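Below you'll find the structure, written out as structure tokens, and then a few comments.
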Amino acid sequence: MSAGAQPRVVAARVVTGVTTAGRSLSETLPPALDTLDHARDRALVQALVYGTLRFQPRLQLLLGQLLDKPLRKRDAELNGLLLVGLQQISGMAVPDHAAVAATVDAAAGIGHARAKGLVNAVLRRYLRERETLENAVAASPEGRYSHPGWMIRQLQQEWPQHWEQILEQNNLHPPMWLRVNAAAGSRDGWMAMAGAPPSASSPWAPQALRLEQPVDVGALPGFAEGLVSVQDAAAQLAAHLVAPMPGERCLDACAAPGGKTGHLLELCPTLDLTAVDMDPERLALVEDNLNRLGLSASLIAADAATPNQWWDGRSFDAILLDAPCTASGVIRRHPDIKLLRRKADIARLAGLQSRLLDQLWPTLKAGGRLVYCTCSIFGQEGPAQVRDFLARTPDAGLDVEQTAAGWGIDAAPGRQILPGETGMDGFYYACLNKSG
Ligand SMILES: C[S@@+](CC[C@H](N)C(=O)[O-])C[C@H]1O[C@@H](n2cnc3c(N)ncnc32)[C@H](O)[C@@H]1O
């Protein structure tokens with residue numbers, strides 16, 4: 001196998017793991033990258049995989065036009081390789097002849113040596129008939145916007161003014177946002193220390209910096225020492241909305257991997273913080289993050305929706321509920337979400353979110369506050385969720401002042417950030433107060 005074929009083999013396998021085995025990129029990509037010796041190959045696989053998954057709905061329709069008959073189920077990796085091949089030609093700066101040759105060669109690497117002729121014919125026909133094929137595919141919404149049909153219809157229904165902009169934003173590369181450690185210095189101080197390249201700040205998140213060029217986390221000056229973390233500016237709003245104060249008891253209810261846990265403690269290092277997550281492996285990441293930042297919290301691996309199993313009965317002054325959700329607001333960062341989510345997931349996750357709200361509310365002291373957020377743009381996981389909660393919870397009220405921010409759209413109740421707004425991820429926030 002040629003040197004160029006190996007990254008295509010690895011990329012085809014990762015793509016197929018998502019499209020046919022329903023595995024997530026965060027689960028499949030890191031071990032696949034570990035099999036490659038050269039940084040250049042790892043970067044290529046990353047670009048091939050992200051690009052192919054981002055445009056999979058369109059690429060699969062293109063492939064459907066290029067094949068006489070669909071491939072058999074057991075040829076799923078060959079299908080994956082052809083998608084990777086089409087993505088290289090249509091969306092990457094790989095010279096056409098090199099892309100075709102390396103992809104043809106990779107067919108043998110995935111155990112389909114006999115399909116070399118087919119791969120060659122498909123990719124060459126695409127090169128010849130590209131415009132006609134692309135126009136035909138763009139006639140359908142799935143092909144034009146490269147999203148599954150159910151998701152396009154859902155967004156059209158929920159966001160009649162914004163759906164097209166949302167779909168376009170979802171297909172862009174997200175910027176890399178940093179959070180400069182408030183306890184360790186200022187944004188300007190870190191930039192001067194790092195000799196950082198030109199970067200933009202966020203009008204809303206005071207520690208956020210947007211890098212024009214993404215860099216490897218390990219290469220960020222001061223990262224290992226906790227001077228800086230990687231976190232989207234929209235996610236950085238959470239800790240500011242909680243506004244933790246010295247001496248308070250605070251709960252981070254769905255904490256892993258700990259981005260917001262670390263931020264809460266950076267803002268208030270003496271905070272008595274309990275961080276719960278039901279996934280012990282992910283909770284270990286919270287510990288790693290806090291160790292890096294030199295901060296600490298009580299970490300509990302448990303189902304936050306069953307407080308009788310982990311709560312010591314002492315009420316919290318503040319709760320952050322960054323609830324599990326469809327992650328429909330962060331598709332640009334996680335393009336596999338397009339393919340892994342089903343419409344039924346919205347109602348299923350909304351059920352979990354309402355259970356978490358109901359079960360955590362009694363652990364909040366009278367006069368306390370709860371910030372509810374999701375990285376979703378579906379109403380059932382945002383305003384509809386909070387509206388129903390307020391209706392069934394007599395001592396819960398919306399903190400109008402706290403929720404009346406300059407960012408986002410008034411979602412009544414709460415605020416909705418759509419993906420791309422001042423470079424941010426899509427997020428929903430509502431600040432709730434407990435009377436008494
Ligand atoms: C959106 S992520 C949290 C991100 C985190 N707050 C951060 O900023 O890094 C949701 C988390 O909820 C956890 N989770 C899901 N269901 C849960 C439950 N019933 N109880 C506690 N944690 C749960 C998942 O394991 C996942 O880590």
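Remember, it's 1-based here, ligands and their atoms both numbered in the order they're listed. It should be emphasised that the depicted structure is a prediction, and the values quoted were computed from it without experimental measurement. Residue numbers start at 1 and run along the sequence shown.
Close N/O approach between G259 and ligand 1 is found [any backbone or side-chain N/O within under 3.5 Å]. Checked by distance only, ligand 1 and D252 stay at 3.5 Å or farther apart across all their nitrogen or oxygen atoms. The distance criterion of under 3.5 Å between nitrogen or oxygen atoms is met by R282 with respect to ligand 1. Between P324 and ligand 1, a contact under 3.5 Å exists for no N or O pair. Residue L356 has no nitrogen or oxygen atom sitting less than 3.5 Å from a nitrogen or oxygen atom of ligand 1, judged on distance alone. Distances between N or O atoms of A256 and those of ligand 1 include at least one value under 3.5 Å. Ligand 1 has a nitrogen or oxygen under 3.5 angstrom from a nitrogen or oxygen of D303.
The closest side-chain heavy-atom distance from L172 to R332 is not below 4.5 Å. Using a 4.5 Å heavy-atom cutoff, the side chains of P419 and I166 are in contact. Residues L357 and Q385 are in side-chain contact: their nearest non-hydrogen atoms beyond the backbone lie under 4.5 Å apart. For the pair I319 and W361, the minimum side-chain heavy-atom distance is 4.5 Å or more.
Residue contacts with ligand 1 include P257, since one of its heavy atoms falls under 4.0 Å from the ligand.
Contact annotation: for M278 versus ligand 1, heavy atoms closer than 4.0 Å belong to both the backbone and the side chain. With a 4.0 Å heavy-atom cut-off, ligand 1 is reached by the backbone of A255 but not by any atom from C-beta on.
Heavy-atom proximity to A302, at under 4.0 Å, picks out these atoms of ligand 1: 20 (N), 21 (C).
The protein non-hydrogen atom at the shortest distance from atom 12 (O) of ligand 1 is C254 CB, 3.3 Å. Looking only at heavy atoms of the protein, atom 8 (O) of ligand 1 is closest to K260 NZ, 2.9 Å. Counting protein heavy atoms only, atom 20 (N) of ligand 1 is closest to A304 N, 2.8 Å. In terms of protein heavy-atom proximity, atom 13 (C) of ligand 1 is nearest to D277 OD2, 3.2 Å.
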(request) Begin from the C-alpha positions of K365 and D317 and carry the test salt bridge (charged side-chain N to carboxylate O under 4.0 Å, His left out) through to its verdict. (result) CA-CA 6 Å; K365 78 169 191 194; D317 299 286; 2.5 Å; yes
(request) Begin from the C-alpha positions of R249 and D312 and carry the test salt bridge (charged side-chain N to carboxylate O under 4.0 Å, His left out) through to its verdict. (result) CA-CA 12 Å; R249 250 174 83 71; D312 63 8; 3.3 Å; yes
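Although no hydrogens or angles enter the test, the distance criterion places no donor-acceptor pair under 3.5 Å between the side chain of T393 and the main chain of A396.
Pairs of residues two or more places apart, or lying in two chains, that qualify as ring pair (Phe, Tyr, Trp, His ring centres under 6.0 Å) and include a residue from residues 238-295 are H240-H263. Under the side chain to side chain donor-acceptor pair (under 3.5 Å) criterion, the residue pairs touching residues 287-303 are S229-R292, N289-R292, with sequence neighbours excluded.
At least one cation-pi condition fails for R415 and Y429: the charged atom is not both under 6.0 angstrom from the six-membered ring centre and inside a 45 degree cone around its axis.
The heavy atom nearest to atom 10 (C) of ligand 1, out of those in L349, D322, D279, L352, is found in D322.
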